[in-house]
Number of protein chains: 4
Amino acid sequence: MRGVNKVILIGNLGRDPDVQFLEGNIAVAKFSLATTETFKDRAGKLISQTEWHTVVLWRGLAELAQKYLHKGSLVYIEGRLRTRSWEDKEGNKKFATEVVGDNLVMLDKRMDLNSSDHSLPHHSSSGSGPGESFPNLEMPPPPLNEPADDLPF
Amino acid sequence: MRGVNKVILIGNLGRDPDVQFLEGNIAVAKFSLATTETFKDRAGKLISQTEWHTVVLWRGLAELAQKYLHKGSLVYIEGRLRTRSWEDKEGNKKFATEVVGDNLVMLDKRMDLNSSDHSLPHHSSSGSGPGESFPNLEMPPPPLNEPADDLPF
Amino acid sequence: MRGVNKVILIGNLGRDPDVQFLEGNIAVAKFSLATTETFKDRAGKLISQTEWHTVVLWRGLAELAQKYLHKGSLVYIEGRLRTRSWEDKEGNKKFATEVVGDNLVMLDKRMDLNSSDHSLPHHSSSGSGPGESFPNLEMPPPPLNEPADDLPF
Amino acid sequence: MRGVNKVILIGNLGRDPDVQFLEGNIAVAKFSLATTETFKDRAGKLISQTEWHTVVLWRGLAELAQKYLHKGSLVYIEGRLRTRSWEDKEGNKKFATEVVGDNLVMLDKRMDLNSSDHSLPHHSSSGSGPGESFPNLEMPPPPLNEPADDLPF
DNA sequence: TTTT
DNA sequence: TTTT
């Protein structure tokens, strides 16, 4: 391949994720993410600029989103751009550009997953239950689990 | 600020850049960029997937684009996502997501800018000639860096 | 230029930043940053892997670090790799690779800077004072402050 | 996980890759990569700054490196930082920071892998021939994407 | 040396 | 529509 298509976002969810299950029980989550960048303009005035992104997550990441993300959550998303187009009922050509995430890092304190106890309550509006043992963690950048320090160099 | 909005693309221009000059002689360049990623599907078949992006460059970068980029050019673009919306004449809400570039690296051989002479002819789709000696490819044998700048550590 | 040298880190400071001022009152901050990635190995076992990085910040970013960062702070750092080498007193060749940051985003709740009130206490060990009015915010990726939506396309 | 450790490089190999095979026939490639960034200093003078990185690739990527990369090759590398430490024979503590790559894009024309034939000769420093028709540079006129996959939105 |  |  001779191409790269990469997006990196840190921002807050505008609403709770919308999660659906396709045939085969494949989860798809979708939410709006606001990234706000602050800088000084030429006059030295602090300018805050917010951009809204549509983020789409599949499978394990979608299930994580369903369980742990909600309106206001701060997340890091790494993914790629994808533009879809279609015609609405009036025959108007429509475009929508989305960020298809393949890595998700939750940045809210309450949402850390590094602990071995994953059943903490988490400020969630949707609720959850026991036994959230992350069978689907499936973090995308596959380990590779190299023989580490026996590098022959 | 608590946000990040970053895009990294490597791809080819679909057409020559469209460059305009706003009042104040501010250059704005716009072009379509195709990023093609190749991967294997579950059956092990090589799948090639092309995504088109609208890239917008301002000022100096737009002028570089005008001078050196053309249909087919391979470039690295680093920038941020920006979605604009408007209503067309029929009153339909329209959206367009663009990548506003704030870094540009030309990856075609003929387009190297490391020389101090930026007035080379370009737009050449094939031709070459003498003097393509790429002295900077013959780089000093690996490391051996200098003893820092003035870092007090 | 035909090169890219970019690093993106999210992690926690191992200690309070070490900040020094060079002649000309130029601030330089240095700290260790731990990035922890969790993934499943082939056996499905959750593996947590921590890497330590040396981060160096200059000028305005160094001053932000001094004021707002401390041991444990969660930050996003964007920068570039730089390897320095020297000989110690025994004449041994030494190398050190650092991440020179040119963007910093504080991800701890208490440390948000988007508010207009910047004098909040912040769990800091070093303390601060009133009137921290961010004269040096100087976020690196210069605004560019484009004439926005009067884009001629 | 609450960490990110990501490196993105574009540069030229300083030497042919050094490839070794560990037990289990696992390939490991190692090479030096020079990234050169050009910018203007305060006096407006063009400054060119080269940084050398040690890149390590595993398995399939190492095999690609062996087949297609050589001294001077221009590549995009995406990976993560890893610092190893050890003591040399004299008992001196040594450190080495490497970029462990998990994505590789070859940016030299001759090295395009978009074809399904990966067995091309490479190591050729100049020659060319028939069949370099790059049909994928003649891409379909911009957008007009397909109506999504099966996304339920 | 961090974080959960 | 978020966040501070």
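These numbers were taken from a predicted model, which means no experiment stands behind them. Here is the naming used below: chain letters follow the sequence lines, and residue numbers restart at 1 for every chain.
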Asks: Please state how far atom CD1 in Ile47(A) lies from atom C1' in dT4(F), giving the value in whole angstrom units.
Replies: 16 Å

Asks: If I take atom NZ in residue Lys71(C) and atom P in nucleotide dT3(E), what distance separates them, rounded to the nearest angstrom?
Replies: 7 Å

Asks: In whole Å, I'd like the distance from the NE2 atom of His70(C) to the P atom of dT1(E).
Replies: 19 Å

Asks: NZ of Lys6(D) to OG1 of Thr35(C): how many Å apart, nearest 0.5 Å?
Replies: 12.0 Å

Asks: Figure out the CG/P separation between Leu107(A) and dT3(F), and round it to whole Å.
Replies: 15 Å

Asks: Salt-bridged, Arg84(B) to Glu98(B), with N to O below 4.0 Å?
Replies: yes

Asks: Of the options dT2(F), dT4(E), dT2(E), whose atoms approach the side-chain atoms of Arg2(D) most closely?
Replies: dT4(E)

Asks: In whole angstrom, give the distance that lies between atom CZ of Arg15(A) and atom P of dT2(F).
Replies: 7 Å

Asks: Does the side-chain ring of Trp52(C) sit on the six-membered ring of the dT1(E) base, less than 5.5 Å centre to centre and under 30° in tilt?
Replies: yes

Asks: Could you tell me how far apart His53(C) (NE2) and dT2(E) (P) are, to the nearest whole angstrom?
Replies: 15 Å

Asks: Given dT2(E), dT2(F), dT1(E), which nucleotide is nearest the side-chain atoms of Ala34(C)?
Replies: dT2(E)

Asks: Under 4.0 Å between any heavy atoms, over every strand shown, what does Thr35(C) touch: base, sugar-phosphate, or nothing? Just pick one.
Replies: nothing

Asks: What is the separation between atom CE on Met106(A) and atom C1' on dT3(F), rounded to the nearest whole Å?
Replies: 18 Å

Asks: Using a strict cut-off of less than 4.0 Å between a Lys/Arg side-chain nitrogen and an Asp/Glu carboxylate oxygen, indicate whether Glu51(B) and Arg82(A) qualify as a salt bridge.
Replies: no

Asks: Does Lys94(D) pair with Glu87(D) as a salt bridge, N-O distance under 4.0 Å?
Replies: no

Asks: Of the nucleotides dT1(F), dT2(F), dT2(E), which one has an atom closest to the side chain of Ser32(A)?
Replies: dT1(F)

Asks: Tell me the interatomic distance from Lys30(C), atom NZ, to dT2(E), atom P, rounded to whole angstroms.
Replies: 19 Å

